[in-house]
Structure formats: structure tokens, C-alpha cells
Amino acid sequence: MAAASPCCRISSPRPGPTRIFAPSDCRPSTWRDSSGASARSEKTTSSASRKTFFVGRCVTNTGGHYGISSALILRFPPNFVRQLSTKARRNCCNIGVAQIVAASWSDVQPPIDSPSSASLTSAAADAVAAVVVPKQEEISLAGASNLAVTNLTDAGSDPIPVVDAHSMPSPALKTVPSPAASVLFSSDQSLTVHAGERYGRGVVTDAITTPLVRTSAYCFRNSDELIDFKEGRYASYEYGRYGNPTTKSLEEKMSALERAESTLFVSSGMYASVALFMALVPAKGHIVTTTDCYRKTRIFMEKELPKLGITVTIIDPADIKALKGALDQENVSLFFTESPTNPFLRCVDIKLVSRLCHERGALVCIDGTFASPVNQKALELGADLVLHSATKFIGGHNDVLGGCISGLDQLISKIRQYHNVVGGVLNPDAAAMFIRGMKTLHLRVQQQNATALRMARVLEEHPKIVRVYYPGLPSHPEHDIAKRQMTGFGGVVSFEVAGDFCATKKFIDTLKIPYIAPSFGGVESIVDQPAIMSYWDSKEDRVKYGIKDNLVRFSFGIEAFEDLKADILQALDAI
């Protein structure tokens with residue numbers, strides 16, 4: 001056979017019925033070495049002679065040298081069209097030649113400085129270098145957009161093993177061997193960037209960012225493959241309500257941050273709470289919660305859960321005696337609270353309440369929304385579950401809704417089963433936005449921690465401020481607890497203005513930087529008057545839960561501290 005043409009032309013594969021090269025498709029070639037002598041390979045069956053395929057060429061190792069045949073066109077395995085489906089190509093449009101040729105499954109790669117490669121142009125050599133074929137054990141087996149492969153054989157090789165699926169509906173995906181993220185990265189700052197993506201990502205792609213997989217359902221090549229999926233021998237997804245590769249990467253990132261076995265992301269923080277209660281609290285069960293918490297959560301507990309025979313005890317966040325009494329008198333299924341709480345930022349001794357509840361067989365779930373995973377690790381302190389309204393600090397840009405629950409796999413699995421029936425699915429577009437937002441979570445929260453603490457000190461010393469609620473201040477009732485279990489005190493400060501309802505309203509209206517809105521935790525500062533925003537419909541609840549007319553909740557964004565300080569001071573001067 002003549003030597004390869006100086007120009008190695010790269011062409012895209014055409015979809016259609018195809019096959020893998022058989023041994024006869026690429027026999028040892030006769031080629032001329034640098035001296036002009038003719039040579040032929042002596043070995044055709046050793047591992048050193050196994051083929052490496054390039055688009056439009058067959059490269060054969062011939063005793064340490066490589067010859068490139070220009071007569072052969074690459075053929076792809078029968079299921080390759082499905083593996084790189086239209087959806088996969090759309091979402092991973094930059095896969096490039098390297099990903100296409102990865103279907104060849106060879107474990108031999110020609111050295112770029114080999115005699116045959118010297119005859120290539122520099123552009124062709126670059127192309128050859130780019131299409132390094134992964135070893136068999138490095139191929140990621142996943143579903144939908146992934147290169148999901150079953151029972152394929154290369155010339156003389158063993159069948160590619162089929163990965164065992166995780167218990168449904170969260171399939172276990174075999175990924176490129178790499179150090180565990182928890183071992184490689186010692187800091188949350190690194191985990192927010194890489195966990196669940198660079199190491200462990202299910203979708204195979206050379207893209208830095210995790211692909212957005214938009215689909216409502218996943219297809220199967222035949223009924224046998226579907227049966228294998230149902231019986232756990234084939235890893236994929238089935239329906240959008242049961243899982244999505246983009247969302248899976250997000251869940252793994254959160255699990256790494258919270259040091260959790262498993263995480264479930266859902267459509268909102270409120271739905272996360274509802275799914276938790278419905279899945280883990282039995283009929284006629286009992287919940288203990290705290291007086292200070294998100295109002296809609298308390299409304300659901302007080303009005304909806306009793307319809308199922310579930311009763312609730314409400315205690316002060318720091319009242320350990322009341323907690324012990326409830327554990328003695330009731331068959332408590334769950335202790336649920338926020339820490340810090342909304343809006344007074346009270347803190348619960350998570351280690352202590354976890355020990356007390358576990359002694360009586362009760363689960364502990366901490367809503368850590370105000371803390372974020374950066375400032376507090378509730379699971380490491382003893383809680384069984386940690387919940388977040390991801391809309392807040394996790395998303396961080398006031399542009400996406402979602403919620404999540406992290407904890408023991410056996411508990412998350414129960415919640416996931418309920419979730420799969422009821423719905424409340426996180427849209428994959430939202431999952432992609434959360435992944436993007438979490439990459440800067442550590443940096444944003446550090447900035448917000450610093451700004452909030454400095455402003456809390458300024459406010460506490462101002463003559464027109466009656467009281468400041470912030471765990472980072474020594475005046476806070478649970479300051480010592482916060483110092484023990486938090487690494488930062490969060491970006492939200494609540495305070496009472498020296499004035500009545502109208503004076504407080506004027507203060508808020510005079511502010512120039514923050515938006516008047518009901519959320520918190522984003523890059524833009526937000527302010528609200530809880531007496532209007534959250535409790536306008538119930539004066540009785542305002543009195544019952546200590547929501548005064550002059551209370552202000554201020555969520556600090558990432559604006560400059562001096563600008564925020566000047567704005568607050570001018571607004572206080574106006575009242």
C-alpha cells in the first residue's frame with residue numbers, strides 16, 4: 001500500500017446503518033520507511049497491533065510504526081447514531097472530532113513523533129493529536145446524551161462491560177476515572193466550581209460547562225434495552241420527572257458542599273418542605289418546629305398537616321426544655337426548624353437538638369437557607385437532613401426558583417419516590433442556572449458576610465435604630481451558638497427603626513440602592529418591611545410572632561460597602 005497522503009483530510013461521519021471495523025478491514029500495511037525500503041508488520045494479533053481509528057483513515061501499529069490507509073472510511077457502531085442523537089449534538093455542539101472518534105474504542109494511540117506522522121501536514125498532525133481515543137475503561141456509560149454502550153466488541157477484545165444502574169430513578173453513571181472531588185478539593189471554594197461536573201459528570205463532553213439537556217423523555221433502542229433499564233442492568237433515564245443529566249450534576253455538586261450522601265433538587269424551597277413532610281412524617285405523626293420561621297411553612301404545618309392527623313408543637317428556638325417536654329409527651333417524628341431563622345435570625349444548637357431527638361427516634365431537618373452551605377454544615381453537626389430555598393444564596397442572582405434537600409441516601413430516596421409521583425420537577429434550564437450561580441457562591445457569600453457584619457455594627461451604634469438582629473453581634477441571644485457552628489453569619493440583617501409604621505415605611509422608600517422585594521441572598525441588595533410584605537393580611541399573627549411595624553429585613557448584595565452605608569445613613573437622616 002502506498003504511504004499516506006501528506007494531507008490527512010478530516011470529514012464528518014454520515015448517519016446511517018454502520019458497523020465496527022472487523023479485523024480484515026484494516027490489515028498490516030506495506031509502507032516505505034525513511035530509507036525507501038518496503039516493510040510489512042509481522043504481528044497482527046498482539047495488543048500492540050490493535051487499531052486506532054481516525055476519521056477517514058485506519059491507523060495500524062506495525063511493529064512500532066504506524067501506517068495510514070487512505071482507502072478506508074471510518075464506520076461507526078450500529079447504535080452510534082442514537083448515542084450522538086440530535087439532542088446530544090444540539091446540547092454539546094462543540095464535541096468536535098475527538099468525541100466523534102471516541103466511538104472507535106481502541107487502546108493504542110500513535111505517537112505524534114512517529115515516522116508516519118512526520119509525513120502529515122501540521123494541521124493534520126494537530127487533528128491526529130486531537131482525536132485521542134479513550135481506553136475502554138475510560139468510556140463513560142450513561143443514558144440519553146451520553147455514549148451509552150452495551151455488548152459492543154472490538155477486534156479480539158472482550159465485550160465492553162455494562163454499568164449497573166443505581167436504584168431507580170437516580171441512575172449510577174460510570175465516569176472517567178479520577179480522584180474523588182472530596183479528596184482532591186479541601187475547600188468549598190473549589191467544590192462550588194468543580195464538584196458534580198469535572199469529576200463525576202454523567203454527560204460526556206469536552207465542554208468546560210455542563211451541557212443543558214432539554215428533554216421530557218428518554219428513548220430506548222429496543223424493548224430488551226428497556227427491560228435491562230427497568231431491572232437495573234442499563235443506566236439511563238426514563239422520563240423528565242424522574243431525572244435529568246443536568247440536574248444530576250447539580251445535585252452532586254450540592255451533595256459535595258453539604259457533605260451529604262444524596263441530594264434532591266425540586267421546583268421551589270416551599271415544595272421541598274412539603275415533599276419532606278409528606279414523605280417522612282407518617283399519618284398521626286408529630287412535628288416540633290419553632291416560632292420564628294418562614295410563615296408559609298408554618299401555615300402549611302398548622303392548616304394542611306392536621307388533615308392527615310399530623311400534629312405540631314411550636315417552641316422558641318432556644319427553648320431546650322420545651323423540646324425535651326415535646327419529646328417526652330409526643331411520639332415525635334421530626335424536628336424541623338431554620339437556623340438562622342426568618343426574620344430574627346435565631347440560631348438553634350444543632351448538635352444538641354440532634355442528640356436529644358435521635359435518643360427518642362426523631363429525625364432532624366435544618367432549613368439552612370439563611371446560612372447557605374458555605375457558612376454552616378448542618379449534617380456534620382448531627383442533622384439528618386438539610387433543606388435550602390435554592391432561590392436565595394445558591395442561585396444568587398434573583399433570577400431562578402428552586403429548592404433542595406440533602407442528607408442520608410435512605411431518607412432522600414423516600415422523598416424522591418414521593419416527588420416522582422407528585423411532580424414539582426426542577427426545569428433543566430433552572431438546573432443549569434443554579435450550576436452557574438453556585439460557581440461563585442463562595443465568593444458572593446464571603447462578600448455578603450463581610451458587608452452584613454460591618455453594617456450590623458454601624459446600625460447597632462446608630463441613634464435611630466432600636467435593635468439589630470444579627471448572629472455575628474455579641475448582643476444576639478445565640479451569638480455563642482452561631483460562633484460554634486457557623487463560619488460566617490450570612491448576608492441578611494434585621495433591625496427595628498426608632499419610629500412607627502409610617503417612619504419605617506419612609507425609611508425604606510428613601511433608600512436608593514436596594515430593591516423592595518420579598519427575597520434575599522442575591523447579588524442585588526433587597527429590603528422589605530415584614531409587617532407589609534409577609535404579614536399584611538394578619539395583624540393577629542404579627543402580634544403573636546413579634547413582627548413589629550418598625551421591623552426591617554435587609555439582604556445585602558455585593559455592592560460596595562461604602563455605597564450601601566451612605567445610602568442607609570441618608571435614609572435614616574430622612575426620618
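If you read the sequence from its start, that first residue is 1, and numbering goes on from there. These numbers come from a predicted model, not from an experiment. These values consider heavy atoms only, across backbone and side chains, with no hydrogens, waters or symmetry-generated copies.
- Leu511 places a side-chain heavy atom less than 4.5 Å from the side chain of Phe554.
- Ring orientation note: the planes of Phe277 and Phe336 are nearly perpendicular, at an angle over 60° on the 30°/60° scale.
- When all heavy atoms are compared, the tightest approach of Thr341 to Pro317 is CG2-CG, 4.5 Å.
- Note on residues 419-439: pairs passing ring pair (Phe, Tyr, Trp, His ring centres under 6.0 Å), not counting sequence neighbours, are Phe265-Phe434, Tyr271-His419.
- Closest heavy-atom contact between Ala430 and Val400: CB-CG2, 3.5 Å.
- Taking Arg467 as the reference, nothing meets the side chain to side chain donor-acceptor pair (under 3.5 Å) condition, with sequence neighbours excluded.
- Under the side-chain contact (heavy atoms from CB on, under 4.5 Å) criterion, Ala371 pairs with Pro340, Asn375, Gln376, Met486, sequence neighbours left out.
- In this structure, Glu540 has no salt bridge (charged side-chain N to carboxylate O under 4.0 Å, His left out) partners at least two apart in sequence or on a different chain.
- The side chain to side chain donor-acceptor pair (under 3.5 Å) search around Arg436 returns Asp399, not counting sequence neighbours.
- When side chains are defined from C-beta on, Pro428 does not count as touching Val213, because their heavy atoms never get closer than 4.5 Å.
- Leu473 has its side chain within reach of Arg457: a pair of non-hydrogen atoms, C-beta onward, lies under 4.5 Å apart.
- By the 4.5 Å heavy-atom criterion applied to side chains, Lys253 and Leu191 are not counted as neighbours.
- A ring pair (Phe, Tyr, Trp, His ring centres under 6.0 Å) with Tyr218 is found for exactly one of Tyr242, Tyr239, Tyr237, namely Tyr237.
- Here the shortest heavy-atom pairing between Cys357 and Leu323 reads SG-CD1, 4.4 Å.
- Take Thr192 and apply the side chain to side chain donor-acceptor pair (under 3.5 Å) test, not counting sequence neighbours, and it matches no residue.
- A heavy-atom distance below 4.5 Å is not found between the side chains of Leu250 and Thr246.
- Residues that satisfy the salt bridge (charged side-chain N to carboxylate O under 4.0 Å, His left out) test with Asp549, not counting sequence neighbours, are Arg542.
- For Thr369, the side chain to side chain donor-acceptor pair (under 3.5 Å) partners at least two apart in sequence or on another chain are Asp367.
- Around the NZ atom of Lys414, the shell of radius 6.0 Å holds no more than 12 heavy atoms that belong to other residues, nucleotides or ligands.
- Using a 4.5 Å heavy-atom cutoff, the side chains of His442 and Asp188 are in contact.
- Within 6.0 Å of atom NZ in Lys548, 12 or fewer heavy atoms from other residues, nucleotides or ligands are found, so the atom counts as exposed in its surroundings.
- Taking a cutoff of 4.0 Å between a charged side-chain nitrogen and a carboxylate oxygen, Arg355 and Glu359 qualify as a salt bridge.
- Among Val288, Thr313, Asp384, Thr289, the one residue that satisfies the side-chain contact (heavy atoms from CB on, under 4.5 Å) test with Phe335 is Val288.
- Defined by atom type and a distance below 3.5 Å, a donor-acceptor pair is missing between the side-chain atoms of Glu258 and Thr263.
- Residue pairs that meet the side-chain hydrogen bond (donor to acceptor under 3.5 Å, both in side chains) test with at least one member in residues 488-497, sequence neighbours left out, are Tyr469-Glu496.
- With contacts defined as side-chain heavy-atom distances shorter than 4.5 Å, the pair Ser525/Leu564 qualifies.
- Looking at heavy atoms from C-beta onward, His462 lies in side-chain contact with Leu572 at the 4.5 angstrom threshold.
- Every residue two or more places apart in sequence or in another chain that forms a salt bridge (charged side-chain N to carboxylate O under 4.0 Å, His left out) with Asp480 is listed here: Lys483.
- Applying the salt bridge (charged side-chain N to carboxylate O under 4.0 Å, His left out) criterion to Asp500, with sequence neighbours excluded, gives no partner residue.
- Closest of all the heavy-atom pairs between Thr297 and Ser273 is OG1-OG, 4.4 Å.
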Residues 298-309, side-chain donor-acceptor partners within the protein, below 3.5 Å, at least two apart:
unit_1: Arg298; atom_1: NE; unit_2: Tyr545; atom_2: OH; d: 3.4
unit_1: Arg298; atom_1: NH1; unit_2: Thr291; atom_2: O; d: 2.7
unit_1: Arg298; atom_1: NH2; unit_2: Tyr535; atom_2: OH; d: 3.0
unit_1: Glu302; atom_1: OE2; unit_2: Tyr545; atom_2: OH; d: 3.3
unit_1: Glu304; atom_1: OE1; unit_2: Lys307; atom_2: NZ; d: 3.1

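- Of all heavy-atom pairs spanning His476 and Tyr470, the tightest one is CB-O, 3.3 Å.
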